[in-house]
Amino acid sequence: QDAYKTADTVTITVTDMDLNVDSSLVDTYITRADDLVGDNDSIGDHVLDVYISDDLWDDTCNANYGLTASGFQLTETGTATGVFTGTFQIPENYCAGSTDIATPTTGEDMFVNYNDYLDAGGNAIEVGDAATVTANSGSVTLDRSVYPVPFTSAVYKQHDDVMVSEGNITLYVQVHDADYDTSPTGIDTIAAGKVYIVGHRGSDSATLESSFALTEISASAGIFEHEFMLETTDTIASVALKQGDVITANYDDPTDASGNAYTATDSSTLDMRTGSLLADKSVYVIGSDAIITLVEPDFNFDSDGIESYSLGLVEWDSDAGTVNLNNGCPSACIFDPEPSKFRETGGNTGIFQTVIEIPTKISTTNLDRGEKIDLEYVDYGPSGEANAADSTEDIELNIYTSNFGATIELDSKVYTWTDRVFVTIVAPDHNTDSALIDEIGGTTDKSLTAQTRDNKLTAYKLVENGP
């Protein structure tokens with residue numbers, strides 16, 4: 001290839017049958033102590049050398065430099081193939097100039113020279129190849145463009161009077177820079193101090209995090225990550241973080257693609273956003289399931305995790321009674337919720353859901369057909385406020401129990417005493433579970449009666465003709 005970076009593996013291939021001196025063996029040519037690849041004969045001096053810039057790659061300024069220290073040797077790929085290969089890693093520094101000063105290899109040209117002492121025409125020639133040692137321009141990214149504002153555990157009060165736990169925000173910062181991928185099979189790191197997180201508010205700023213190293217996410221990925229927290233104790237100009245603050249990630253790249261030092265940046269803002277409360281329908285049959293959704297970006301503390309919050313955040317208010325959605329839980333939940341908390345629908349959605357059952361009664365009071373239900377969530381961090389609890393906003397959702405009525409049909413107007421009677425009742429309000437076959441009447445629900453002038457059946461039961 002034409003370009004390499006520091007720590008890349010270089011493979012040199014020489015094809016010359018003249019080097020195959022024993023057709024029954026795999027021939028090998030080793031690098032001598034003078035950093036030249038020799039052939040151990042009296043013809044010429046050596047067969048191969050490597051130059052970086054105008055300097056032989058040797059160890060004159062450091063014993064750990066040079067071709068010998070790299071372990072390079074030319075080895076035949078098989079018996080009598082005449083094809084020889086050898087590998088080495090691009091060094092970070094080499095001995096440069098007449099004074100042999102350790103100098104970075106980045107930005108320099110690299111040359112490989114092979115001395116063919118007997119070509120097809122019987123002449124001695126030198127052939128070679130060249131490549132450039134380059135660097136990559138790094139970049140830095142934060143995992144989100146907008147983050148919630150951290151808040152303390154004394155701020156968000158649920159309807160059940162329990163406080164929401166402290167809201168510290170998890171941030172993930174990534175650096176993409178292949179220059180630090182120096183180990184072909186291992187996990188590399190970027191040392192502490194190369195990346196720093198700064199908070200900005202107008203002309204004021206403060207370093208929020210700086211003494212951390214970044215770890216490669218997988219071998220040879222060239223992507224390095226660190227996780228840290230924006231906490232309620234973090235301040236800018238001695239004032240807690242608030243809505244409108246800008247968070248920047250800064251990466252000091254020592255060598256970009258042009259060979260110069262460069263600082264890459266990425267930025268995000270802190271924002272308060274008003275929540276919303278949603279349901280999958282507006283009218284529910286008593287006993288059926290309702291999907292309740294709380295959209296609250298301010299509770300999305302960690303973009304890489306799925307978070308859950310108490311159902312005590314939402315209050316149920318109807319003529320039958322006023323309770324919280326977690327009433328009676330965990331042993332005797334009125335609403336039989338699944339899951340038992342508002343659970344985030346996925347990482348970094350800020351959308352939380354639960355499924356509740358519309359109960360037949362609240363405490364001892366039955367729900368009526370067509371009863372209005374007011375669900376309420378109190379948002380302590382509505383849009384436009386600097387910090388949570390600066391003001392509150394009641395977020396309401398109205399749903400209703402169904403009141404579709406019912407119709408009864410007989411299959412005939414006139415019957416003899418031996419006829420079979422077919423009764424059909426259309427009653428959507430009794431279809432309490434769309435996945436099961438429901439019933440009307442029976443020994444427990446005596447709402448259905450079949451009677452003549454002389455007798456009646458009070459435990460009469462009709463079965464749904466399908467789920």
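Just so it is clear, the model here is predicted, and its values are computed rather than measured.
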message = I'd like to know whether CZ of Arg343 has more than 12 heavy-atom contacts from other residues, nucleotides or ligands below 6.0 angstrom.
response = no
query = So does Glu92 have more than 12 non-hydrogen atoms from other groups sitting under 6.0 Å from CD?
reply = no
note = When every non-hydrogen atom of Glu393 is compared with those of Pro382, the smallest separation belongs to OE1-CB, 3.6 Å
key: Chi angles and distances behind the ring-ring contact (aromatic ring centres under 6.0 Å, His included) call for Phe299, Tyr156   = CA-CA 11 Å; Phe299 285 169; Tyr156 260 92; 4.9 Å; yes
remark   = Only one of Asp266, Leu208, Thr269 passes side chain to side chain contact (heavy atoms under 4.5 Å, CB included) with Ile247, and that residue is Leu208
Verdict with supporting geometry, Arg369 and Ile286, side-chain contact (heavy atoms from CB on, under 4.5 Å) = CA-CA 8 Å; Arg369 303 294 181 188; Ile286 293 175; 3.7 Å; yes
Contact check, side chains of Asn250 and Val140, non-hydrogen atoms, under 4.5 Å = no
task = Could you tell me whether the side chain of Thr293 and the main chain of Gln353 form a donor-acceptor pair under 3.5 Å?
result = no
message = Has Asn324 got a side-chain atom pairing as donor or acceptor with Glu315's backbone, closer than 3.5 angstrom?
response = no
ask   = What do you reckon, is CG of Asp2 surrounded by more than 12 foreign heavy atoms closer than 6.0 Å?
value = no
ask   = Can you check whether Ser183's main-chain N or O pairs, donor with acceptor, with Asp188's side chain at less than 3.5 Å?
value = yes
ask   = For the rings on Tyr309 and Phe352, is their centre-to-centre separation under 6.0 Å?
value = yes
key: Separation between CG of Leu325 and CG of Leu313, rounded to the nearest 0.5 Å   = 9.5 Å
query = Backbone N or O of Gly138 within a donor-acceptor pair of the Asp253 side chain at under 3.5 Å?
reply = yes
message = Test your reading of the model: is there a side-chain donor-acceptor pair from Thr189 to the backbone of Ala191, 3.5 Å cut-off?
response = no
message = Let me confirm one number: the OG1-CG distance from Thr401 to Leu367, rounded to the nearest 0.5 Å.
response = 6.0 Å
task = Could you walk me through whether Asp379 and Thr274 pass side-chain hydrogen bond (donor to acceptor under 3.5 Å, both in side chains), step by step?
result = CA-CA 7 Å; Asp379 190 344; Thr274 302; 4.7 Å; no
query = If you take all heavy atoms of Ile187 and Glu216, which pair is closest and at what distance?
reply = CG2-O, 3.4 Å
query = Is there a side-chain hydrogen bond (donor to acceptor under 3.5 Å, both in side chains) between Gln73 and Thr28 once you walk through the steps?
reply = CA-CA 7 Å; Gln73 63 181 23; Thr28 300; 5.1 Å; no
query = Can you check side-chain contact (heavy atoms from CB on, under 4.5 Å) on Leu397 and Leu278, steps first, answer last?
reply = CA-CA 7 Å; Leu397 169 67; Leu278 308 170; 5.5 Å; no
task = Applying side-chain hydrogen bond (donor to acceptor under 3.5 Å, both in side chains), run through Glu166 and Thr232 and close with a yes or a no.
result = CA-CA 8 Å; Glu166 189 172 62; Thr232 57; 3.1 Å; yes
note = dist Ile197:CD1 -> Asp234:CG (nearest 0.5 Å) comes out at 11.0 Å
message = Checking the side chain of Glu344 only, and the main-chain atoms of Thr349 only, is there a donor and an acceptor separated by less than 3.5 Å?
response = yes
message = As a quick check of understanding, evaluate side-chain contact (heavy atoms from CB on, under 4.5 Å) for Trp316 and Ile373, giving each step before the final call.
response = CA-CA 7 Å; Trp316 166 298; Ile373 301 158; 3.3 Å; yes
ask   = Which heavy-atom pair separates Asp256 from Ala135 by the least distance, and what is that distance?
value = O-CB, 3.3 Å
key: Given Thr77, Thr75, Thr13, Asp27, the one that forms side chain to side chain contact (heavy atoms under 4.5 Å, CB included) with Phe84   = Asp27
ask   = Okay, side chain of Glu464, backbone of Asp438: is any donor-acceptor separation there less than 3.5 Å?
value = yes
key: Carboxylate-amine/guanidinium proximity below 4.0 Å for Lys5 and Asp179   = no
ask   = Does Phe404 offer a backbone N or O that forms a donor-acceptor pair with the side chain of Asp429 under 3.5 Å?
value = yes
Near-ring test Phe301/Phe151, centroid separation under 6.0 angstrom = yes
query = Are any side-chain N or O atoms of His200 and backbone N or O atoms of Ile236, one a donor and one an acceptor, separated by less than 3.5 Å?
reply = no
ask   = Hey, what's the ring geometry for Phe228 with His226, parallel, tilted or perpendicular (30° and 60° as the breaks)?
value = parallel
message = Taking Val175's backbone N and O only, do any of them form a donor-acceptor pair with Glu225's side chain (distance below 3.5 Å, no angle check)?
response = no
request  = Could you give me the CA-CA distance, side-chain angles and deciding distance for Asn300 and Tyr147, then say whether side-chain hydrogen bond (donor to acceptor under 3.5 Å, both in side chains) is met?
outcome  = CA-CA 8 Å; Asn300 183 21; Tyr147 292 97; over 6 Å; no
task = Evaluate the side-chain contact (heavy atoms from CB on, under 4.5 Å) criterion for residues Ser310 and Asp160: first the C-alpha distance (whole Å), next the side-chain angles of each, then the deciding distance (0.1 Å), finally the verdict.
result = CA-CA 9 Å; Ser310 170; Asp160 59 2; 4.0 Å; yes
